[in-house]
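Have a look at this one before I ask anything.
Model, not experiment: these values are computed from the prediction. In the text below, chain A, chain B and the rest are named by the order of the sequence lines, each starting its count at 1. Scope of the values below: all heavy atoms of this structure, side chains included, with no hydrogens, waters or symmetry mates.
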Amino acid sequence: MFDALGDKLQGILGGLRSRGRLDEETISKAMREIRLALLEADVNLDVVKEFTAAVKERALGQEVTKSLTPGQEVVKIVHEELTEIMGSADSRLAFSGRPPTVILLAGLQGSGKTTAAAKLALMLRKDGKSPALVAADLQRPAAISQLEQLGKQIQIPVYSSERSDAVKAANLGLAQARSQGRDVVIVDSAGRLQIDEELMEELEHVHRAVKPHNVLLVLDSMTGQQAVDVALAFQERIAFDGVLLTKLDGDARGGAALSVRAVTGKPIKLASVGEKLDQFEVFHPDRMASRILGMGDVLTLIEKAEAVATEDEQKEMEARMMAGEMNFDDFLASYRMMRKMGSMKSLIGMLPGVGQQLKDVDVDEREMARVEAIILSMTPRERKLPHVIDGSRRQRIAKGSGTSVQQVNQLLNARKQMQKMMKQLSKGKMPALPGMAGPR
Amino acid sequence: MARSWSELLGDEREVAEPEAERRRFLGRLRSSLGRTRNAIRLPLGRFDPRDDESWEALEEALISADVGMAATDELVERLRRRRDFDDLGEALVEEIVAMLGEPGTLAVNGRPSIVLVVGVNGTGKTTTVGKLAHRLSAHGRSVLVAAADTFRAAADEQLEIWSQRAGADFVGSTKGADPAAVAFDAVSAAQSRGRDVVIVDTAGRLHTQTNLMDELRKVRRVIADRLEGAPHETLLVLDATTGQNGLQQARLFGEAVDVTGVALTKLDGTAKGGIVLPIAVELGLPVKLIGVGETLEDLQPFDPADFAHALVGSDAE
C-alpha cells in the first residue's frame, strides 16, 4: 500500500517529460489519484475536495523543472501544500508566567488520554519542568489507579483524592499542585462521546474551573471520517488549542490529523509513537504529510536532488564530460553532490520499495570517505592534471590521507578508466546511448 | 427483528429477552447511524442512474461512512448490475446484507469453551469482555474471565470490577506477568471448577508491533495446547470510529491468531461503522457482536439486516 501513489503518479505522468508545463488534463488525472490516496488515508471527504481544488489551481501551468519528472513535480506540490496546512501554526505549548501552567486533556474513550498524560509529564520533566498529574477521569473503572501506577513508574505525583466529582477532583488537584510548588499540572479527564450532553457539560465545568492554559484534544491516529465531527463538537465546548495524536506507531496513514487541522485550524502539537512512556514527541508536520500520501521518503529524495543539483552545475559538468575530461576536481564535485544527498545507506533507505529489501545491505561509508580524503590530500595542480602524480607524490598523498599507496593507485586507476569511458562516449563509440554521443 | 442471544449462541431453549430492551437497542443503533444514514440517503432522493454525478454522490456518501474505496466500488457495481432502480434504498440494503454475509454464531457450547479477545489499544476489549460475561451468565453459562492484559496499568482491576458486575469468576494477574501463563491458569481453573466459558482479555497492541503479536501467538498456542479445539472463538474488538486502518488490523490479527469474528464497539456516538463492509468483503470475517452503549445490556448480537437498515434504510418503518 505504501508508495502506491508515487508509482501511480509516475505511471500517469511519466510520458509527459517532453512537454514543459503541466496541463489541465494531466493534472485532473493526477488529482483523481491523489483524491483516492487521501480518502484511503481517512482524510475527510470535504477536506479532500477543497484540497485537491487548491492543488490543481497551483499546479496548473506550473513549469516542470529539469531535475524532476512531472509526476514528481505534482507530488512535490501536493506535499508542500499538505505540509503548509499541517504545520503553519505554532505547535508549542503555552506556559504561564504565573505557574502552575495547566494542561487539560480531553477526547473520546480509548483515544489514549491517560497514557498520553503520563508521557507528556515525563517529557516536560525532561525539559526541566516539575509536572504533576491530576486524575479527573471518574468514569472508567480503575482509570485513577492506572494513572497512579503510571505516576509511580515515572515518579511524578498524581493527585487523586476526590473520587466522585470531576470538577472537585480537578480543583483539588490544582490546589495541591500549587501548594507543592509544581509548575505544570496535567489534568486527565474522562473519555466521552461528543454527543453525550451530560459528560460534555461536565467537561465544560472542569474547563471553567481549572482555566487551562492549554487544552489538548487527544485523537487516535486510526480514526476514520468521524474525526471532523468529534473535533468540531469538542471545539464548540472547550475551544481546544491543539491536538495530541496517539498510536502513531501503527500503520494508520493518519488522515484524521489533516482533517482536524483543516477544519478547526488547530495545530497538531504532540504525537505518541510507542508503548513505552518515553516514546512521545513534538509533532513533525512534514513527516505526517509524507505518511498521509503514502510516499515513503521519496519526497525527501526529490527535495534533496533539487537542492544539490543546480542546473548550471549540471550543464558545466556535462560539457566537460562530453569533452572527455575527468580530472579529480570533477571527480570530487560529482562525488560531493552525492554526499550532499545523505549517506549512501540513508539514500537507499529512502527509495520506495527498495528500502525495505536493502536495509541490511552494508554500504561501506568509510570507503566513500577514504576517496574524499585521498583527493583532498592532492594539491590543486595534481587534481587538475592527474598525470603529474608520480611515485613520491603518491607516497605523500597516501600519508596525508591516512591510506596506503595501493589505495591511492586504485583511485588513480578508477579515474583513468572513467576518463577513457568519457572519451569513447564523446567520440560516439557507444551507439547504445543515443542522444548523448555524436560529434559537436 | 434483531437477532437474539439465543440465536447467536445456538441455544434451542429461547431465553426471553425483554422486547423493550431490543427496541431500545435498535433505536440506539438507528440514532447512532442517523447522520450517516441521512448522508447516504440524500443522494438517493434525486438519483438518476444515467447520470454520473448521481453515482459519484452516492460513492462519496459511502466513503464518508468509512466504507472505503474498494468496498464502495463493489457495492456500486452490484447496484449497477441490478438495473432496477425503483427503490434504490431497499436495493442498497439488500446488497449490503449480501455483502455482510450470514449472521454469525458464537461457538461456546463445549465445556469449557474458550473465547480469546484481542485488538489494538483503546478499542474497548475489557469492557466487551465484561459485557459478554454478563450476557453469557444471563444465558445460563457459568463464566470465568481472565486478565491476561498484564501490560496496561490497572487493567486487571478494571476487569475485576466488570467481572463482579457480571457475576463471573475472575482470574487475575500481576503486572508484567506472562499473559500466556495467566491464560493457562484460567483454562485449568475453569476445568477444575467446571465452568462453561472462559473469556480471556488480552493487552491492547498495535498490529504492527511484531514482538507483541508474537506474544499473542504464544497465548493462543498455550491455550490450544492446554485444551484441544481451543480457543473456540477469537474475537477482534474493533472501534467503530476506526477508518481504513481497521482492515489492516483485521488482516494482521487474523494472520497471527486466526480471528473468528469481530466485535464492533462504540457504535454509540456518530460513528460510521462502514469499515465492517471491507472487512466482510475482503477478509470474509463476520461481525458477531456490536456494542452501542456503556451499560451491560448494550452489547448485542450483530444482525446484518438490522445494521444495513440502520445504515441506509428508510426511516418509515
Separation between CD of A:Gln109 and OG1 of B:Thr123, rounded to the nearest 0.5 Å: 12.5 Å

Pair B:Lys272-A:Asp229, side-chain contact (heavy atoms from CB on, under 4.5 Å): steps then yes or no: CA-CA 11 Å; B:Lys272 315 292 186 182; A:Asp229 303 340; 3.3 Å; yes

Full working for salt bridge (charged side-chain N to carboxylate O under 4.0 Å, His left out) between A:Lys49 and B:Glu60: CA-CA 11 Å; A:Lys49 281 184 176 170; B:Glu60 288 182 349; 2.8 Å; yes

A:Gln279 atom CD, neighbour heavy-atom count above 12 within 6.0 Å: yes

Chain A contact via B:Leu212 - side chain, backbone, both or neither, heavy atoms under 4.5 Å: side chain

B:Arg35 atom CZ, over 12 foreign heavy atoms within 6.0 Å: no

Spacing of OG1 belonging to A:Thr223 relative to CG belonging to B:Asp239, to within rounding of 0.5 Å: 7.5 Å

Top contributor to chain B interface from A:Ala256, A:Ser145, A:Ser221 [non-hydrogen pairs under 4.5 Å]: A:Ser145

A:Gln153 portion near chain B, given a 4.5 angstrom heavy-atom threshold: side chain

Residues B:Asn121, A:Glu275; criterion side-chain contact (heavy atoms from CB on, under 4.5 Å); working and verdict: CA-CA 10 Å; B:Asn121 317 60; A:Glu275 293 263 324; 3.5 Å; yes

Residue B:Asp156 versus chain A: region with a heavy atom under 4.5 Å: neither

Residue part contacting chain A, namely of B:Ile63, when any heavy atom lies under 4.5 Å: both

Selection from B:Ala240, B:Ala65, B:Ala154 maximising heavy-atom pairs under 4.5 Å formed with chain A: B:Ala154

B:Gln158 to A:Ala142 - nearest heavy-atom pair and separation: N-CB, 3.6 Å

From A:Arg253 atom CZ to B:Gln244 atom CD, the distance as rounded to the nearest 0.5 Å: 10.0 Å

A:Glu40 side chain to B:Met69 backbone, donor-acceptor under 3.5 Å: yes

Side chains of A:Asp251 and B:Asn245, donor plus acceptor under 3.5 Å: yes

Side chain / backbone / both / neither for A:Glu148 at chain B, heavy atoms under 4.5 Å: neither

Under 4.5 Å from a heavy atom of chain B, the part of A:Asp46 involved: neither

From B:His207 atom NE2 to A:Met222 atom CE, the distance as rounded to the nearest 0.5 Å: 7.0 Å

Taking every non-hydrogen atom, the tightest pair across B:Thr208 and A:Gly250: OG1-CA, 3.4 Å

A:Glu25, CD: over 12 other non-hydrogen atoms inside 6.0 angstrom: no

Listed partners of B:Glu160 passing side chain to side chain contact (heavy atoms under 4.5 Å, CB included), at least two apart: B:Ser163, B:Gln164, B:Phe170

B:Gln209 CD to A:Asp249 CG distance, which is reported to the nearest 0.5 Å: 5.0 Å

Step-by-step side-chain contact (heavy atoms from CB on, under 4.5 Å) determination, A:Gln149 to B:Lys175: CA-CA 10 Å; A:Gln149 289 182 29; B:Lys175 194 166 184 303; 3.8 Å; yes

For the student: nearest non-hydrogen atoms of A:Lys247 and B:Gly122, plus distance: NZ-CA, 3.9 Å

Between CG on residue B:Asp66 and CG on residue A:Leu39, distance to nearest 0.5 Å: 10.5 Å

Structural part of B:Thr241 lying under 4.5 Å from a heavy atom of chain A: both

Interchain contact, A:Arg192 with chain B, by part (heavy-atom threshold 4.5 Å): neither

